[in-house]
Amino acid sequence: MEIGITTFVENTPDPATGKLLSPYERMMNLMEEIELADQLGLDVFSIGEHHRPDFIVSSPAVVLAAAAVKTKSIRLSSAVTVLSSDDPVRVFQDFAHVDLLSKGRAEIMAGRGSFIESFPLFGNDMNDYNTLFAEKLDLLAQLNKSEKITWQGHHRPSIDNRGVYPRPYQPELPIWVAVGGTPESVVRAATRGLPMALAIIGGSPDRFVPFTNLYKDTWTKAGHDPANLRLAINSHGYIADDSQKAADEFYGPYAYVMSKIGRERGWSSMTRKQYEWMRSPEGSLLVGSPQQVIDKILYEHELFGNTRFLLHISVGTLPHASVMRAIELLGTVVGPAVKKAVGDAVLN
């Protein structure tokens, strides 16, 4: 079981004071978060792509390249690269640079994007939402396997026996497919033999079991070796020294962001009652003491048999010291306990 962190590098006001960090301050805090995660032996740090004022990273590869030279062992991934609105050639080249700078620690987590600001920004038609991703994922996979490529599609100019450089340090870049619970996306990842990352950000985790079962069944039917199957679960969460402290500190920033996004999408605002249910043993939030978070990660592992778990700590901007403490607890208490429990279960 790999344990890591995912972030959208949010920059939202402190609900108590209304204070907003400058983008520079938030970016410097991010670098400290990644360095700490690396020093503590966490396995993965992943950064999302957005094109809106409340999430400040629009180019994960640029930020990951900066992190590559500040870290030694942690894997560096996007979460996600909105492949539908990007050029797969450029995506591959950018992450090949990250891979060279990190000596083989780069990964791409490709997704269609739950936020759609990039589509009109780069001149894409939302009517092509599904076909854009399928076609560009096919091109990205081919780029990963061959130095020279000949390719023809509908949404991008053709390529006629052209080399794509630089090549990464690894023989191939790991390309994960990020899904939010769409069966077609699950089948696409499994059929292609690509690892899948499933985001669980609401409701009960057990309702996602059919999706992970579909992934495993399709993987096997497609003729892929079950030993090579890799499955990540990404969940919102926060760890503090005790349960009540975690609940109180996380609620304000979390409710601010989820209510804001809810208004944009026609959802109701987040209430404290909903929040408390979501962080209960049956809910999707991993917010509490180290032991509570350990228990829920292991509960999800029982449901899904996942090989990676990524905790999305900063949904809304928390005090930097609080985020650093949560990362410390994840790296020194939660991660080791989860790995030991999963390892012991395998041995038994």
Side-chain angles (χ1 to χ4, degrees), residues 2 4-12 21 23 26-27 29-31 33-34 37 42-68 74-86 88 90-91 94-95 98 105-119 121-122 129 133 136-137 140 173-182 185 189 195-202 232-238 253-254 256-258 260-261 264-265 284 286 308-318 323 326-327:
E2 294 179 310
I5 292 170
T6 181
T7 179
F8 290 168
V9 197
E10 81 307 319
N11 196 25
T12 57
L21 296 175
R26 182 64 186 93
M27 196 68 81
N29 287 350
L30 173 65
M31 290 294 109
E33 293 164 16
I34 300 173
L42 289 168
D43 298 296
V44 189
F45 202 105
S46 53
I47 297 175
E49 172 192 344
H50 294 87
H51 301 266
R52 47 187 291 146
D54 41 3
F55 303 120
I56 67 172
V57 172
S58 60
S59 179
V62 174
V63 182
L64 294 171
I74 197 165
R75 298 197 66 79
L76 302 167
S77 176
S78 54
V80 300
T81 293
V82 186
L83 189 61
S84 304
S85 59
D86 211 334
R90 251 343 212 167
V91 169
D94 287 347
F95 279 87
V98 177
R105 294 184 281 122
E107 298 183 358
I108 300 170
M109 190 187 297
R112 296 185 299 175
S114 62
F115 292 84
I116 61 172
E117 289 84 2
S118 63
F119 287 81
L121 182 63
F122 296 115
Y129 184 79
F133 183 72
K136 292 186 176 185
L137 182 62
L140 182 62
L173 291 169
I175 299 173
W176 292 68
V177 176
V179 304
T182 304
S185 297
M196 184 178 81
L198 176 64
I200 301 177
I201 60 173
I233 300 298
N234 301 2
S235 298
H236 290 162
Y238 176 66
Y254 175 78
Y256 174 89
V257 170
M258 297 306 288
K260 182 175 185 294
I261 294 171
E264 295 174 6
R265 301 185 180 187
S284 59
L286 284 78
R308 175 181 285 186
F309 175 82
L310 299 180
L311 187 67
H312 191 118
I313 295 174
S314 51
V315 179
T317 301
L318 288 153
V323 174
I327 294 172

> Please name the pair of heavy atoms, one in L76 and one in A68, separated by the smallest distance, quoted to 0.1 Å.
CD1-CA, 3.6 Å

> Quick one, L42 with I74, criterion side-chain contact (heavy atoms from CB on, under 4.5 Å). Give me CA distance, side-chain angles, the key distance, then yes/no.
CA-CA 6 Å; L42 289 168; I74 197 165; 4.2 Å; yes

> Compare all side-chain heavy atoms of L173 with those of E107 and state whether any distance is below 4.5 angstrom.
no

> Flag the pair K260 and D54 as a salt bridge only when some basic side-chain nitrogen lies within less than 4.0 angstrom of an acidic carboxylate oxygen.
yes

> Supply the atom-to-atom distance T12 OG1 to F55 CZ, rounded to the nearest 0.5 angstrom.
8.0 Å

> I'd like to know if the side chain of S78 reaches the main chain of M109, judged simply by a donor and an acceptor atom lying under 3.5 Å from each other, with no hydrogens or angles considered.
yes

> With the side chain counted from C-beta on, respond yes when W176 and T81 share a heavy-atom pair under 4.5 Å apart, and no when they do not.
no

> Report yes if the side chains of I47 and I34 come closer than 4.5 Å at any heavy-atom pair, otherwise no.
yes

> Counting only heavy atoms not in L21, do more than 12 sit closer than 6.0 Å to its CG atom?
yes

> To the nearest 0.5 Å, tell me how far I175 CD1 sits from L140 CG.
3.5 Å

> Looking at R75 and E2, is there a salt bridge between them, counting it only when a charged N and a carboxylate O are closer than 4.0 Å?
no

> Shortest non-hydrogen contact from I313 to A326?
CD1-CB, 4.1 Å

> Just say parallel, tilted or perpendicular for the rings of H312 and H236, cut-offs at 30° and 60°.
perpendicular

> Measure from NZ or CZ of R105 to the centre of the six-membered ring of F95 and say whether it is under 6.0 Å with the direction within 45° of the ring axis.
no

> Output, in order, the C-alpha distance, side-chain angles, deciding distance and verdict of side-chain contact (heavy atoms from CB on, under 4.5 Å) for M196 and V179.
CA-CA 7 Å; M196 184 178 81; V179 304; 3.6 Å; yes

> Not counting sequence neighbours, which residues clear side-chain hydrogen bond (donor to acceptor under 3.5 Å, both in side chains) with S118? List them please.
S85

> How far apart are the closest heavy atoms of S77 and I108, and which atoms are they?
OG-C, 4.3 Å

> Holding to side-chain hydrogen bond (donor to acceptor under 3.5 Å, both in side chains), I want the full list of residues that pass it with H51, two or more places apart in sequence or in another chain.
E49

> Can you spot which of L30, I56, N29 makes a side-chain contact (heavy atoms from CB on, under 4.5 Å) with N11?
I56

> Got a donor-acceptor contact below 3.5 angstrom from the N234 side chain to the I200 backbone?
no

> Is there a donor-acceptor pair under 3.5 Å between the side chain of R112 and the backbone N or O of S84?
no

> List the steps and the verdict of ring pair (Phe, Tyr, Trp, His ring centres under 6.0 Å) for Y238 and Y254.
CA-CA 10 Å; Y238 176 66; Y254 175 78; over 10 Å; no

> Using every non-hydrogen atom in the two residues, find where V257 and G316 come nearest and quote the distance to one decimal.
CG2-CA, 3.5 Å

> Looking at every heavy atom in both G180 and L198, which two are closest together, and how far apart are they?
C-CD1, 4.3 Å

> Distance check, rounded to the nearest 0.5 Å: E33 atom CD versus T7 atom OG1?
6.5 Å

> Any chance you could lay out the side-chain contact (heavy atoms from CB on, under 4.5 Å) test for M31 and V63, step after step, and finish with the verdict?
CA-CA 9 Å; M31 290 294 109; V63 182; 3.5 Å; yes

> Any carboxylate oxygen within less than 4.0 angstrom of a Lys/Arg side-chain nitrogen, looking at R52 and E10?
no

> Starting at CD1 of I233, measure out to OG of S284 and round the result to the nearest 0.5 Å.
12.0 Å

> Applying side-chain contact (heavy atoms from CB on, under 4.5 Å) to V44 and I5, what does each step give before you reach the verdict?
CA-CA 6 Å; V44 189; I5 292 170; over 6 Å; no

> Evaluate whether atom CD1 of I261 has more than 12 neighbouring non-hydrogen atoms of other residues, nucleotides or ligands under 6.0 angstrom away.
yes

> Whether the S185 and T182 side chains hold a donor-acceptor pair (N or O, under 3.5 Å, no angle test) is what I'd like checked.
no

> Relative to each other, are the rings of F115 and F8 parallel, tilted or perpendicular (30° and 60° limits)?
perpendicular

> Could you list the residues that satisfy ring pair (Phe, Tyr, Trp, His ring centres under 6.0 Å) with F45, not counting sequence neighbours?
none

> Working to the nearest 0.5 angstrom, can you tell me the gap between S235 OG and L310 CG?
9.0 Å

